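Reading through the structure tokens given below for one structure.
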Amino acid sequence: GALALDAALASGDDDAARAAAAALQPALDGAHGVARAAALLALAGWHVRDGDAAGADAAFRDALALARATGSPRDLRDAALGYADFLLARGDADAARATASLVDAYAADDFSISLLLARVAAASRDPERAARMRAQAKTLAGARRSAVLAEDAAVPGFVAAPSSDGDR
């Protein structure tokens, strides 16, 4: 189901992803709760890969609504991260900010949420918040400093957080 589609998407195997998406679609009708949200998120990822923005938007919206209604904070995190990233890629910083705000309370303990909030702030032209959230993400990344932070620092207009060790 959803795991097979996620694995195919991660491996870049479009044929396997297409087959997994086709197999997952009928199973979606019988899925409920967390399993349905996971399936919707996997399908949203397929729609993004396939260039179907409307399909991706609908799947992300449904997954987010389901996570808000029945999911755990982890389910909400997964749905909000995926949807906000999609919205940012589409250039809709306002909608991304609204979506990311749903998980803002968890940012102090979650690298991915902190990094998302930094990206949203940068896209919303809030350099002070972008710098604060990026610094928080860097702290959460710890000694294994993620390449994701370096990639974000290379994005034009992204505000790098001040660093006590001179490493940005």
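The first residue of the sequence shown is numbered 1, and numbering continues consecutively from there. In what follows, every heavy atom counts, from backbone to side chain, and hydrogens, waters and symmetry copies are set aside. This structure is a prediction, so every number in the text was calculated from the model and none was measured.
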Legend entry - Check: L28 main-chain N/O paired with R36 side-chain donor or acceptor under 3.5 Å: yes

Legend entry - Heavy-atom pair of closest approach, residues A37 and A63: O-CB, 4.0 Å

Inset, instruction - Please list, chain by chain and in numerical order, all residues satisfying side-chain contact (heavy atoms from CB on, under 4.5 Å) with D50, sequence neighbours excluded. - result: W46

Inset, instruction - Run through the side-chain heavy atoms of Ile, Leu, Val, Met, Phe, Trp and Tyr, join any pair under 4.5 Å, and report what else lands in L41's cluster. - result: V48, F60, L64, L76, L81, Y83, F86, L87, L88, L102, V103, Y106, I113, L116, L117, V120, M133

Inset, instruction - Name all residues meeting the salt bridge (charged side-chain N to carboxylate O under 4.0 Å, His left out) criterion together with R68; count only those two or more places apart in sequence or in a different chain, and write none if there are none. - result: none

Inset, instruction - Mind checking the CZ-CG spacing from R49 to L5? Nearest 0.5 Å is all I need. - result: 9.0 Å

Legend entry - Considering all heavy atoms, the nearest A20-A4 contact: CB-C, 4.1 Å

Inset, instruction - With rounding to the nearest 0.5 Å, note down the distance linking CG in L115 to NZ in K138. - result: 13.0 Å

Inset, instruction - Quick one: pull up CG in D104 and CG in D110 and give me the separation to the nearest 0.5 Å. - result: 11.5 Å

Inset, instruction - Taking all heavy atoms of A67 and all of A79, pick out the closest pair and write down the distance. - result: CB-CB, 4.1 Å

Legend entry - Qualifying residues under salt bridge (charged side-chain N to carboxylate O under 4.0 Å, His left out), relative to D78, sequence neighbours excluded: R74

Legend entry - Partners passing side-chain contact (heavy atoms from CB on, under 4.5 Å) against D15 (at least two apart in sequence or in another chain): D13, R18

Inset, instruction - Using the test side-chain hydrogen bond (donor to acceptor under 3.5 Å, both in side chains), find all partners of S11 that sit at least two apart in sequence or belong to another chain. - result: none

Legend entry - Working for side-chain contact (heavy atoms from CB on, under 4.5 Å), residues H32 and T70: CA-CA 10 Å; H32 301 286; T70 63; over 6 Å; no

Legend entry - Shortest non-hydrogen contact from A137 toward F111: O-CD1, 3.2 Å

Legend entry - Minimum-distance pair of heavy atoms, taken over all atoms of S124 and A93: OG-CB, 3.9 Å

Inset, instruction - Quick one: pull up OG1 in T139 and CZ in R134 and give me the separation to the nearest 0.5 Å. - result: 11.0 Å

Legend entry - Minimum-distance pair of heavy atoms, taken over all atoms of A107 and S114: O-OG, 2.7 Å

